[in-house]
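For reference, the structure is listed below as structure tokens.
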Amino acid sequence: MAIEKSLIQPEPVISAIINGDNTGVLKINGEEHPYEALDVNDLRQALMKRVIGEAATLGRPVRVTSMDDSGVSYLVVSPAGEVEEEQPEAVPEDASTIIERIPSATSATTTVTKAPATPAAPTAGTSAEAPATRRSIREASSFLAAPSAVEPASQGIRGWLNSLGMSLAPSEEELSEREDIRLASKHFAGTRTIAVANQKGGSNKTPTVADLAAVFGRNGGSVVAWDNNPTTGTLGWRTEKGDHSRSALDVIAAADALLSPTAQSADINAFVHHQSADINAFVHHQSTDKYDVLRSDADVAGTHEVTAEEVDILHRVVSKYYRLILMDSGNNHRSAEWNRMIDHADQLVVPTTNEEDRVEAALLTLQGLDLKGERSADLASNAVVIVSERQRGEARLSQETAEKFRPYVRDVVVVPFDEALKSGQIRFGALQPATRRAWLRAAAAVARGL
């Protein structure tokens, strides 16, 4: 039964704010009531219980403006606990001024321009073609309609209400997240290589490689994160170690076997007998984040530095086994392996923190590539800059940093501070929801350039 909205009065003005840390605030006519729960669904239930109680006390439906990570929803709640969604246009201004209005996903309109009922007569000097020729039939678009159905909301207050039996459309934020997931899940024709570079150490290169690889890996990609350092890099320190200690140097030594027609991705005994090889014997699988790591050589007494020709060999090997390659890098933009990485790159990612020297090094990286040649200049102009907050409370500084880069690159994404990224192994699932969402947004930005 539909709620009788004519019974609704201008007051009370009710808003519910649901935070990502399972705290919330219910505001009734300006009076704030804080809430806290063990999980977000318990929090929503507690807030809704209070709203239903308010409606029952008044003996009529009330309006509620709800805001969470998925956006803003405008609801009508009856004394019996029935809930309906209203379109923003139907909500009086005095009921929504406390929260900035965000358009509903279902309020978009589509304008269709109809073709003339009859074709215009040919002008002088032209000939009219028959309505249906063989060529026109061959070139005709399909009669099959593109999918138009949208799955109901699964996130936020709308998703929670849908779990109770409603069928509300997703918010703009949820639709945006679905599109980012679609991009991060895309399979490209052939292998794509992403170079992650900044001339300054401590600019968040390794966490950027690990988190982008996790997003692509978790969304079904065939992904390898390759530590393309001339000596010992840190990607191996920040990721899981397999049951071996092999590195890129071992891949170079076994390249002929790995590239042979008989090489497989699941034949470890063959590697031992040097007949063919198994790539899994050389990479370190990330069990929860679903990507592999090719480590740099960690021998502290070693003297070998990877050459440009060896980067070519390594790239041929990993291209055989993976669709997506993310290359971590050192800080020497003059070294052979750094420049050969750029030669192989389809997309450039320049990470930085909001510290002044890291920001300046990111700009110099872009400027150097712009001057190097036409292809590297295209990489620079099409780059994605990722600004990671160095510590809490720097959101404004990070946004200011991002704005500095926007005129020079294709996209800039800001990633909030997260304690789980400071040290130790990087586990994507251990990050805060806002951090995971930012990395998904970054991965989608990268995918758009591929």
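- The distance from atom CZ of R340 to atom CE of M327, rounded to the nearest 0.5 Å, is 10.5 Å.
- With a 6.0 Å radius and a threshold of 12 heavy atoms from other residues, nucleotides or ligands, E374 has its CD atom at or below the threshold.
- No hydrogens or angles considered: a donor-acceptor pair under 3.5 Å links the side chains of R410 and Q347.
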Q: For the pair D328 and T206, evaluate side-chain hydrogen bond (donor to acceptor under 3.5 Å, both in side chains) and give the outcome as yes or no after the intermediate values.
A: CA-CA 6 Å; D328 200 352; T206 295; 2.7 Å; yes
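- Rounded to the nearest 0.5 Å, atoms OG (S222) and CG (D292) are 8.0 Å apart.
- Scanning all heavy atoms of the two residues, the minimum distance from S167 to P152 falls at OG-CG, 3.8 Å.
- In this structure, N204 contributes its side chain and S388 its backbone to no donor-acceptor pair below 3.5 Å.
- Of the possible donor and acceptor atoms, none in the side chain of H333 sits under 3.5 Å from a partner among the backbone N and O of A197.
- Of the possible donor and acceptor atoms, one in the side chain of T191 sits under 3.5 Å from a partner among the backbone N and O of Y322.
- Other residues, nucleotides and ligands contribute more than 12 heavy atoms inside 6.0 Å of the CD atom of Q391.
- Under a 4.0 Å N-O distance rule, the pair R406/E403 qualifies as a salt bridge.
- Counting heavy atoms from C-beta outward, L235 and W226 have side chains that stay 4.5 Å or more apart.
- A distance of 9.0 Å separates CG in L348 from CG in N382, rounded to the nearest 0.5 Å.
- Counting only distance, with no hydrogens or angles, the side chain of E174 and the backbone of S154 share a donor-acceptor pair below 3.5 Å.
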Q. Can you list the steps and then say if L324 with I194 is a side chain to side chain contact (heavy atoms under 4.5 Å, CB included)?
A. CA-CA 8 Å; L324 195 62; I194 301 164; 3.9 Å; yes
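- Atoms CG and OG, on N228 and S296 in that order, are 9.0 Å from each other to the nearest 0.5 Å.
- Exactly one of T234, N229, N331 qualifies for a side-chain hydrogen bond (donor to acceptor under 3.5 Å, both in side chains) with K205. That residue is N331.
- A salt bridge does not link D378 with R375: every distance from a Lys NZ or Arg NE/NH1/NH2 to an Asp or Glu carboxylate oxygen is 4.0 Å or more.
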**Q.** Criterion side chain to side chain contact (heavy atoms under 4.5 Å, CB included) on E240 and D289, from CA distance to verdict
**A.** CA-CA 10 Å; E240 291 180 63; D289 289 335; over 6 Å; no
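- Salt-bridge formation is not detected for the pair K200/E360: no Lys NZ or Arg NE/NH1/NH2 atom is positioned less than 4.0 Å from an Asp or Glu carboxylate oxygen.
- Of all heavy-atom pairs spanning F282 and L294, the tightest one is O-CD1, 4.2 Å.
- Side-chain atoms of H315 and E310 form no donor-acceptor pair, as typed in the model, at a separation below 3.5 Å.
- A heavy-atom distance below 4.5 Å is not found between the side chains of N19 and V40.
- Judged by distance alone, with hydrogens and angles left aside, the side-chain atoms of D411 form no donor-acceptor pair with the main-chain N or O of V385 at under 3.5 Å.
- The closest donor-acceptor contact from the side chain of N162 to the backbone of A153 lies under 3.5 Å.
- Minimum interatomic distance between G217 and V223 (heavy atoms only, all atoms of both residues): N-CG2, 3.8 Å.
- V409 has its side chain out of reach of V384: every pair of non-hydrogen atoms, C-beta onward, lies at least 4.5 Å apart.
- Side-chain N/O atoms of H344 and D312 include a donor and acceptor closer than 3.5 Å.
- At distances below 3.5 Å, at least one donor-acceptor pair connects side-chain atoms of D39 with backbone N or O atoms of N41.
- Here the straight-line distance linking atom CG of D180 with atom CG of L183 works out to 6.5 Å at 0.5 Å rounding.
- Exactly one of R437, R178, Q155 qualifies for a side-chain hydrogen bond (donor to acceptor under 3.5 Å, both in side chains) with E173. That residue is R437.
- Looking only at distances, a side-chain donor or acceptor of E84 sits under 3.5 Å from a matching main-chain atom of I3.
- Residues E400 and R396 are paired through a salt bridge, judged by an N-O separation under 4.0 Å between the basic side chain and the carboxylate.
- A salt bridge between K27 and E31 is absent, with no side-chain N of the basic residue lying under 4.0 Å from a carboxylate O of the acidic one.
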**Q.** side chain to side chain contact (heavy atoms under 4.5 Å, CB included) between W160 and Q45, intermediate numbers included
**A.** CA-CA 9 Å; W160 180 68; Q45 191 169 358; 4.0 Å; yes
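- Closest approach of S335 and N332 over heavy atoms only: OG-O, 2.8 Å.
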Q.
For V77 and M48: C-alpha separation, side-chain torsions, deciding distance, then whether side chain to side chain contact (heavy atoms under 4.5 Å, CB included) applies.
A. CA-CA 9 Å; V77 181; M48 186 60 69; 3.9 Å; yes
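- A donor and an acceptor atom, one from each side chain of N354 and E394, are located under 3.5 Å apart.
- At a threshold of 4.5 Å between non-hydrogen side-chain atoms, the residues R436 and F428 count as touching.
- The backbone N or O of P351 sits less than 3.5 Å from a side-chain atom of N198, completing a donor-acceptor pair.
- Atom CD of residue Q286 and atom NZ of residue K241 lie 12.0 Å apart, to the nearest 0.5 angstrom.
- Of all heavy-atom pairs spanning S245 and H284, the tightest one is CA-CE1, 4.4 Å.
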Q. Given the rule in the side-chain hydrogen bond (donor to acceptor under 3.5 Å, both in side chains) test, do K372 and N339 qualify, once you have shown the distances and angles that lead to the verdict?
A. CA-CA 10 Å; K372 182 183 176 184; N339 281 280; 3.0 Å; yes
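- Inspection of the S73 and R158 side chains reveals an N or O donor paired with an N or O acceptor under 3.5 Å.
- Put simply, the side chain of I181 reaches to within 4.5 Å of the side chain of L440, judged on heavy atoms.
- Checked by atom type and distance alone, the side chain of K290 never pairs as donor or acceptor with a backbone atom of G220 at under 3.5 Å.
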